[in-house]
Peer 1: 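My questions will all concern the structure given below.
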Amino acid sequence: MKNSKSKAKKTAELKKEKVLTLLQNHGLIMYNDLDQGKFPQFAVPSRSVSNIVYDKKLRQYILGNTSALRSSKNMSQLRSFTQLAWLAFFANKLIREGKTSTLRDIYYSSQAFAIDFEDQPESDNIIVDLEAILTSAREDFHIFPEERSSVFGDLTIEYTVPGYEGKRMNLSDHPDGYLIGPSLSSAELVDTSAELVIAIEKGGLFTRFVEEKVHKKFKAIIVDTAGQAPRSTRYLLRRLNGELGLPVVILADGDVYGEHIAMVIKSGSANAAHLRDLTVPDAKWLGVWATDIEKYKLPTIPMTEFDIKRIYELQKDPRYQEGNWKKQLEVFLKLKRKAELEAFSKYGLTNITDKYLPEKMELAKSL
Amino acid sequence: MSSTKETFSQISPSEFFYRNRDLAGFSNPTRSLYTSVREFVENALDACDQKGILPDIYLSIKAVDVEQPDPKQYILTVKDNGPGIESKHVPLAFGTVLYGSKFGLKQARGMFGLGATMAILYGQITTNKPVTVKSNTDGKMQDEFVMLLDIQKNKPIIQKHTTKESSKIGLSVSIVLEGDYSKAGTKIRDYVSQTSLITPYASIIFEDPTGEKSHYPRIVKEMPPPPTIIKPHPHGIDVETIRRMIVDTHYQIPTVDNKIITKVRSELGLQKKNLNPAGILDRAQKRWSNLSRPVRTVIAMMSFLNLDFDGLSKIRIDDLDIANKKLTYWNFGESQSHLIELDPESPYYKQLANTVQGDTLHSFLTKRFQRVGPTTADKFSEFAKFKAEKRIGSMTNEELVRLSDALQKFEEFLSPDPSCLAPLGEEPLSKGIMKFFNPEFAAVIQRSASAYSGFPFIVEMGIAYGGDIPPKGIQVYRFANRIPLLYDEGSDVVLKVVNELDWTRYKVKGETPLVIVSHICSTRIPYKTVGKENVADRPELERELKNALQYLARKLAVHMSRQGMADMAKKRANLYSKYVPLIAQFSTELAGKKQEPNYKQLIKKGSELEEQQI
């Protein structure tokens, strides 16, 4: 524990330095090109479907080798090249000054520099370009989406954001949990007594778990993913797993979407194939499985056509070709019915924490 | 018991218009001043057009008392260099209502020449001042009339008639009327300037009440070809018109008076000889093929009635009953009616019968209508289920209705003859538009003639873009028979067509500097109202307008994309000098350098690249 703690202390700082170095290197290359009368250019990894492949070793989607050259020599690319250069410049400033920005904010900030983004989708696109070039999430250069997920449990963090540097905080002090925002994402993880992380899809169940003291009973940190887990949440889960060595288990609704929420936490999404450090390859999906529906006699609702279509789509995904993942999809397809996490309430409010969770945890050990 | 007794009395046309002046556009001082200007200017232009004279029009509006507030009395004068009106016709032409020379079937600005007398009438009833007409037809003498209208009798009252020597041919009309220039001024100025646009071969000078002169010089020196008067088209005919066409021919039993007797004598070579009826008939037989129809008819009567010229002049044919082969006539001398049997075997019977029954349907169609040949006439007869030999004079009322109906419905008639139309022509229209708007781009089109309900029409249209045109969206200038239409544009068919076009397809969006000039020429413009300010949406007309507009819009689109490419090239020209310094600024900060790189070389390279690509 001690060892991991001292290593953890540096993580946020290291990450910051890494991104800054990357940015400076790109700046230097551009600078030198300009000085030598050469047109600077970026190689932007292609994000087209044909260039997204599943890496079995990394256990996540990654981009292939195809990349497009964005050159300032090409008249039709000159504008977007300049936009990219500006974004790098602006990200550098944000990191150095310890400030954060949002996607919308970027669009407006650009207008102060005569960088004419026509609309926000254009600026959003350039942000993803920069992510791909630096292989770093936008959160790493301080650009955040709106946050909605939260965390609760015995975890002590130390802020690195300006004005709070060195300030520590324990995440079990507030029963509603703590928003996983920019300051939490950039904080150092100092200490924890927890032995487990439980990621749960729904805010309602998150509150129930806190009320039922699941964090104490299971020595767990509880994370509310609020549906499909945002990047900052996935990054936090990875750090809890990687830096503090805590196993991660996932509880989601008993339907195809719930299964995929677990899968994305475990091995990422195609949309973020250009990024690393957002996956928890060893995370375990506890449920609700399709087979649990019959086993626990859960009240169900029928699937929609859309749900069924989604099952067929996922059956083509390489990650669903074997094991439990494959089996559960097949059972869902057979049942054509789904059950939500709240379905356990039929057998009492604490049924899920007192009966289901311990049984599944026991089972998880063998997974 | 009391009874009210209604009295019926006929009113004169002047009186009718006096009572219904709103109909003709004289509803208030503002509208009346505008309408008066229009009527006089249009008459002047029509007069010049008809004689192929390049018009020089002078229009002036002067306040009688400048100090007075509007509405007040104005003196309106319009002078032209047209053919003038012969002295003897002046009082009738300007002193009576419904006296005109425009009743033929061809395109003219006004119909019938009603408006000018209406304006004179309006001037008289609002100010009680006479009209002054100066006319010079020969370049030697000028007649000046000062007249009032006797409204009840529809007759002119000449107050003064003087003549003086003058070398300037033309007509000048001057009236005093109540008007409101402060309100009508804008419309009048628009009217005059738009008239100059659609009449580029005219020179127009307008002197307004402040004494300011606007001169619209002549832009083109050639007159467009004048229209010709033509026969009607079958589609444009109703029962009443057919009835009139049958009656107003020479297919009538002539009244035997001295004039016809002289004619008969001369055709028979009997100027100096007197023959008895038998001798006359004998002589007529020999010359039959050379005799005119009325003369033949007189001879036929002579044979049946056995009367000489003297006898014939004392009777009146009352009825010729072909069905029962009987003829009734009235003898003035005896004051007595006679009935005689007609011998159908007589060679003269057919002559008489044919005369009364008029033309055969076949020759009625070919002779009295435009563009109907023998084949079409036969086809039509079959279509209408009439024998081609059927005499139209023998048709019953029901048959006439059936004939008129069939004339409307038969679809194989050739489209109406457009030679009665006088479009402006593409070149003068284009020159007018260039001069008037000074645009960056202009295109015009004259569609080929088309017709609605038997009335031919031609659509001419022009489009102008950019240049001096203000970017206020699409402005539409509407003209009909070379008259600007300024009021009631909302409900006009041209506006409808312009608004319905999907302009974005032609690269036109937003507040584009765009002008559309639409000119409809027709022997009868389908106006929606008596005020003649908006054109109704006949499907045939709408289709022509749409085709013209689409053609022009395509031309504009081609121009726009060319211009777009030029703009793009211009934009590109500055691309490197705009972006490279920015890249330099950003990279300097990213790299943590203090000095910006030397990027001048790169901008130079960039502009070389740009030149290659353009």
Side-chain angles (χ1 to χ4, degrees), chain A residues 17 19-42 70-97 106 109-118 126 129-130 133-134 141, chain B residues 471 473 502-512 557-558 560-614:
Chain A
E17 273 162 23
V19 174
L20 282 174
T21 314
L22 271 172
L23 286 170
Q24 189 180 22
N25 286 345
H26 278 286
L28 271 169
I29 295 167
M30 273 194 282
Y31 185 95
N32 290 336
D33 279 348
L34 286 170
D35 211 33
Q36 290 160 25
K38 283 202 289 194
F39 286 102
Q41 58 192 34
F42 289 118
R70 175 98 29 102
S71 171
S72 59
K73 187 176 180 180
N74 188 324
M75 240 184 263
S76 57
Q77 293 176 354
L78 183 53
R79 183 160 147 266
S80 72
F81 181 92
T82 313
Q83 289 171 343
L84 204 45
W86 169 78
L87 187 68
F89 153 85
F90 192 73
N92 187 50
K93 244 171 95 130
L94 283 176
I95 298 169
R96 285 185 191 281
E97 291 171 16
I106 290 292
S109 305
S110 70
Q111 294 178 0
F113 290 88
I115 299 301
D116 20 53
F117 285 113
E118 267 172 24
I126 292 288
D129 282 344
L130 189 65
I133 292 168
L134 304 179
F141 36 89
Chain B
D502 180 7
W503 284 99
T504 52
R505 282 183 56 193
Y506 301 98
K507 301 184 165 57
V508 173
K509 37 188 163 171
E511 308 285 271
T512 314
V558 170
M560 297 284 255
S561 61
R562 268 191 210 136
Q563 200 208 21
M565 272 147 67
D567 279 356
M568 197 83 85
K570 223 188 249 171
K571 241 186 193 169
R572 274 183 185 165
N574 300 316
L575 225 54
Y576 287 96
S577 41
K578 177 183 173 185
Y579 287 121
V580 171
L582 285 173
I583 298 171
Q585 181 198 336
F586 302 146
S587 65
T588 308
E589 180 135 351
L590 271 177
K593 300 261 185 186
K594 293 224 170 74
Q595 245 188 336
E596 288 201 349
N598 180 13
Y599 55 81
K600 286 208 176 80
Q601 204 187 338
L602 211 56
I603 290 181
K604 207 178 141 212
K605 274 191 190 170
S607 49
E608 279 165 18
L609 276 175
E610 276 164 352
E611 270 166 43
Q612 283 165 25
Q613 287 193 28
I614 289 163

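In what follows, every chain begins at residue 1, and chains take the letters A, B, ... in the order their sequences are listed. Side chains are part of it too, since the values below use all heavy atoms of this structure and drop only hydrogens, waters and symmetry mates.
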Peer 1: Please name all residues satisfying salt bridge (Lys or Arg N to Asp or Glu O under 4.0 Å) with B:K578, sequence neighbours left out, ordered by chain then number.
Peer 2: A:D116
Peer 1: Hey, what do you get for CG (B:L582) to CZ (A:R79), rounding to the nearest 0.5 Å?
Peer 2: 12.5 Å
Peer 1: Do A:F81 and B:I583 have side chains that get closer than 4.5 Å, going by heavy atoms?
Peer 2: yes
Peer 1: Let me confirm one number: the CG-OG distance from B:L575 to A:S76, rounded to the nearest 0.5 Å.
Peer 2: 9.5 Å
Peer 1: Closest heavy-atom contact between A:M30 and B:S587?
Peer 2: CB-CB, 3.6 Å
Peer 1: Determine the minimum heavy-atom distance between A:F39 and B:G606, stating which atoms define it.
Peer 2: CZ-N, 4.0 Å
Peer 1: At a 4.5 Å cut-off on heavy atoms, which part of A:K93 comes close to chain B: side chain, backbone, both, or neither?
Peer 2: side chain
Peer 1: So, for A:L28 and B:K593, which heavy atoms are closest and what is the spacing to 0.1 Å?
Peer 2: CD2-CE, 3.6 Å
Peer 1: Using 0.5 Å steps for rounding, measure from the CG atom of B:L590 to the CG atom of A:L22.
Peer 2: 11.5 Å
Peer 1: Over all heavy atoms of both residues, which pair between A:G27 and B:A591 is shortest? Give the atoms and the distance, please.
Peer 2: C-CB, 3.7 Å
Peer 1: With no hydrogens and no angle check, is any side-chain donor or acceptor of B:Y599 less than 3.5 Å from a backbone partner on A:Y31?
Peer 2: no
Peer 1: A:L23, A:I29, A:L78: which one forms the most heavy-atom pairs within less than 4.5 Å of chain B?
Peer 2: A:L78
Peer 1: Main chain of B:N598, side chain of A:D35: is a donor-acceptor contact present, judged purely on distance under 3.5 Å?
Peer 2: yes
Peer 1: Atom CZ in A:F90, atom CD in B:E589: separation rounded to 0.5 Å?
Peer 2: 11.5 Å
Peer 1: Output all residues satisfying ring pair (Phe, Tyr, Trp, His ring centres under 6.0 Å) with B:Y579, sequence neighbours left out; order by chain, then residue number.
Peer 2: none
Peer 1: Drop me the distance from B:F586's CZ to A:L87's CG, to the nearest 0.5 angstrom.
Peer 2: 10.0 Å
Peer 1: Is it true that, when you exclude B:Q595 itself, more than 12 heavy atoms of the residues, nucleotides or ligands shown sit nearer than 6.0 Å to its CD?
Peer 2: no
Peer 1: So which part of A:R96 gets closer than 4.5 Å to some heavy atom of chain B, the side chain, the backbone, both or neither?
Peer 2: neither
Peer 1: For the candidates A:N92, A:D33, A:L34, which exhibits the highest count of non-hydrogen atom pairs separated by less than 4.5 Å from chain B?
Peer 2: A:L34
